[in-house]
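First comes the structure, then the notes that go with it.
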Amino acid sequence: MIDKQYLIFDWYSENKRNLPWRSVKDPYYIWLSEIILQQTKVDQGLPYYLKFIKCYPNVKSLAAADLESVLKLWQGLGYYSRARNLHSAAKQVMTDFGGVFPDNYDSLLSLKGVGEYTAAAVSSFAYGEAKAVVDGNVFRVLSRLFKIATPINSTKGKKEFTILANEILDKSQPGEHNQAMMELGALVCKPKSPQCEICPVQGICLAFADKTQLDYPVKEKKLKVKVRHLNYLLFLDQNNNILIRKREGQGIWEGLYDFPCVETSESVDEVKEFEGVTLKNVFLDLEVKHILTHQKLMVKFWVHHKKDTPKTNGYMAIPIGDISNFPLPQLIVRYVNESSFFKR
DNA sequence: AACACGGGGCT
DNA sequence: AGCCCAGTGTT
């Protein structure tokens with residue numbers, strides 16, 4: 001424990017946000033909140049947490065649900081493997097742990113989608129186990145406090161920061177300590193505009209001492225964004241049926257639904273065939289640029305009117321109005337909301 | 001060790 | 001446009 005650490009506790013008790021998962025001890029709720037909050041801001045995750053605890057009030061109900069229902073509830077939150085793993089882990093709890101949530105760090109680690117961070121969070125919050133969380137906030141706070149320049153996304157950095165975080169962990173109240181460190185990072189020790197003037201540990205911060213806060217944390221690697229050209233085809237027949245497909249295999253949006261798609265290396269002005277079938281009268285309906293973290297999608301939505309929907313393997317015909325019953329990528333949601341073909 | 005995996009908000 | 005977010009799993 002570092003000297004004057006009580007300053008962080010005092011600040012936390014005065015300034016902490018009132019978040020619903022902070023007022024519960026049930027590991028199921030804490031685990032659920034932690035999965036939702038992975039790589040996700042509180043403001044974005046909060047409504048999903050409320051939806052999930054209402055729809056699935058306990059691990060048993062979540063385990064009994066259809067994966068597709070879980071994905072539908074998760075729609076819009078991104079990183080959909082979290083939803084698949086969430087569902088898988090709930091089943092694990094029922095089968096491997098007799099329906100009782102695992103109560104220690106090592107057992108928690110065996111759950112799908114639970115890594116070192118989440119295992120530390122749940123074990124410390126729910127059970128008071130002395131494990132330090134090391135998330136983006138903690139990396140930033142510690143790197144500035146101690147002026148540690150080891151890249152936080154390197155194996156060496158991850159080890160180093162984990163050791164340090166556990167050294168300064170207040171073993172008498174690990175849950176509160178972890179919450180306080182993260183809250184300080186989220187509200188004060190922010191990435192671009194740290195509020196050092198109101199920081200409770202300004203006086204012991206090595207980076208603040210020489211005004212190098214913005215040099216920390218150090219990160220290596222640059223993100224390379226891949227540009228893709230997608231051409232979605234809306235096959236619309238006389239009965240207002242369309243074709244959709246479930247995205248299988250690994251890749252983006254696994255388990256979600258979208259339309260038949262032709263990917264091209266460059267932007268195209270027409271679509272003449274789909275899976276070996278020649279198409280005539282294909283009209284451009286909408287063109288959008290969709291930005292993801294690691295992909296820039298240049299997307300064209302084309303419409304093809306047909307008497308009957310083609311019977312193509314792997315695709316299913318549904319009434320156009322039923323599209324919203326399926327879990328969809330935000331890109332498709334965007335199209336459904338903007339295209340006149342989906343207006344009732 | 002490097003990479004894939006969403007979506008939204010802030011600068 | 002670039003960066004970041006209560007990270008994890010796969011290769």
Between the side chains of [X] and [Y], is a donor N or O closer than 3.5 angstrom to an acceptor N or O?
X      : Y      : answer
A:R22  : A:Q179 : yes
A:D237 : A:N239 : no
A:R140 : A:N137 : yes

Counting any heavy atom closer than 4.0 Å, what does [X] reach on the DNA or RNA strands: base, sugar-phosphate only, or nothing?
X      : result
A:G251 : sugar-phosphate
A:W21  : base
A:K112 : sugar-phosphate
A:V42  : nothing
A:S33  : nothing
A:K296 : nothing

Among B:dT11, B:dG6, C:dA6, the nucleotide that comes nearest once only the side chain of A:H294 is considered:
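Of all the options, the side chain of A:H294 is nearest to B:dG6.
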Nearest-nucleotide pick for A:L19, side chain only, options being B:dT11, C:dT10, C:dA6:
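Among the listed nucleotides, the one closest to the side chain of A:L19 is C:dA6.
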Between [atom2] on [N] and [atom1] on [X], what's the gap in Å once rounded to a whole number?
X      : N      : atom1 : atom2 : result
A:E116 : C:dG9  : CD    : P     : 10 Å
A:L37  : B:dG6  : CG    : C1'   : 15 Å
A:L86  : C:dT8  : CG    : P     : 13 Å
A:K224 : B:dA2  : NZ    : C1'   : 9 Å
A:F139 : C:dG7  : CZ    : P     : 10 Å
A:L32  : C:dA6  : CG    : P     : 17 Å
A:K192 : C:dA1  : NZ    : C1'   : 11 Å
A:R84  : C:dT10 : CZ    : P     : 10 Å

Taking the six-membered ring of A:F341 as reference, does the cationic atom of A:K343 (NZ for Lys, CZ for Arg) lie under 6.0 Å from its centre and within 45° of its axis?
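Not flagged: A:K343 not positioned over aromatic ring of A:F341.
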Can you confirm whether A:H229 sits close enough to A:V268 that some side-chain heavy atom of one is under 4.5 Å from a side-chain heavy atom of the other?
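A side-chain contact under 4.5 Å is absent here.
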Would you say the side chain of A:W302 lies within less than 4.5 Å of the side chain of A:V262, judging by non-hydrogen atoms?
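They are not in contact (no side-chain heavy atoms under 4.5 Å apart), so the answer is no.
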Suppose you measure atom [atom1] in [N] against the same atom in [M]; what distance do you get, rounded to whole Å?
N      : M      : atom1 : value
B:dG6  : C:dT10 : P     : 14 Å
C:dC4  : B:dC5  : C1'   : 16 Å
B:dT11 : C:dA6  : P     : 14 Å

With a 4.0 Å cutoff (strictly under), does any side-chain N or O of A:R140 reach OP1 or OP2 of C:dC5?
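For C:dC5, OP1/OP2 do have a side-chain N/O of A:R140 under 4.0 Å.
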Is the phosphate of B:dG6, meaning OP1 or OP2, less than 4.0 Å from a side-chain N or O of A:Q295?
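Answer no for this pair, as no side-chain N or O of A:Q295 is under 4.0 Å from OP1 or OP2.
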Working for ring-ring contact (aromatic ring centres under 6.0 Å, His included), residues A:F235 and A:Y315
CA-CA 11 Å; A:F235 288 99; A:Y315 298 86; 8.1 Å; no
Can you list, by residue number, the residues of residues 101-110 of chain A that have a non-hydrogen atom closer than 4.0 angstrom to DNA chain C?
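Contacting residues: none.
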Nearest atoms (heavy-atom pairs only) where A:D10 meets A:S13
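Closest pair (atom of A:D10, atom of A:S13, distance): O-OG, 2.9 Å.
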Write down the atom of A:E176, the atom of A:K16, and the distance for their closest heavy-atom approach.
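Result for this residue pair: OE1-NZ, 4.4 Å.
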Could you go through nucleotides 7-9 of chain B and list every protein N or O atom that sits under 3.5 Å from one of its N or O atoms, giving the distance for each pair?
residue: B:dG7; atom: OP1; partner: A:Y80; partner atom: OH; Å: 3.0
residue: B:dG7; atom: OP1; partner: A:Q330; partner atom: N; Å: 2.9
residue: B:dG7; atom: OP2; partner: A:W253; partner atom: NE1; Å: 3.4
residue: B:dG7; atom: N7; partner: A:T293; partner atom: OG1; Å: 3.2
residue: B:dG7; atom: O6; partner: A:T293; partner atom: OG1; Å: 2.5
residue: B:dG7; atom: N2; partner: A:Q44; partner atom: OE1; Å: 3.4
residue: B:dG8; atom: OP1; partner: A:Q330; partner atom: NE2; Å: 3.1
residue: B:dG8; atom: N2; partner: A:K41; partner atom: NZ; Å: 3.3

Would the distance check show the side chain of A:E270 and the main-chain N or O of A:V282 forming a donor-acceptor pair, the cut-off being under 3.5 Å?
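Pair absent, no side-chain N/O of A:E270 close to backbone of A:V282.
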Would you call A:E220 and A:K156 a salt bridge, taking side-chain N to carboxylate O under 4.0 Å as the test?
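Result for this pair is no, no salt bridge flagged.
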Closer to the 5' end of DNA chain B via nearest nucleotide, is it A:Q38 or A:S154?
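Its nucleotide being nearer the 5' end, the pick is A:S154.
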Whichever of A:K289 and A:K219 has its nearest DNA chain C nucleotide further upstream toward 5':
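Residue closer to the 5' terminus by nearest nucleotide: A:K289.
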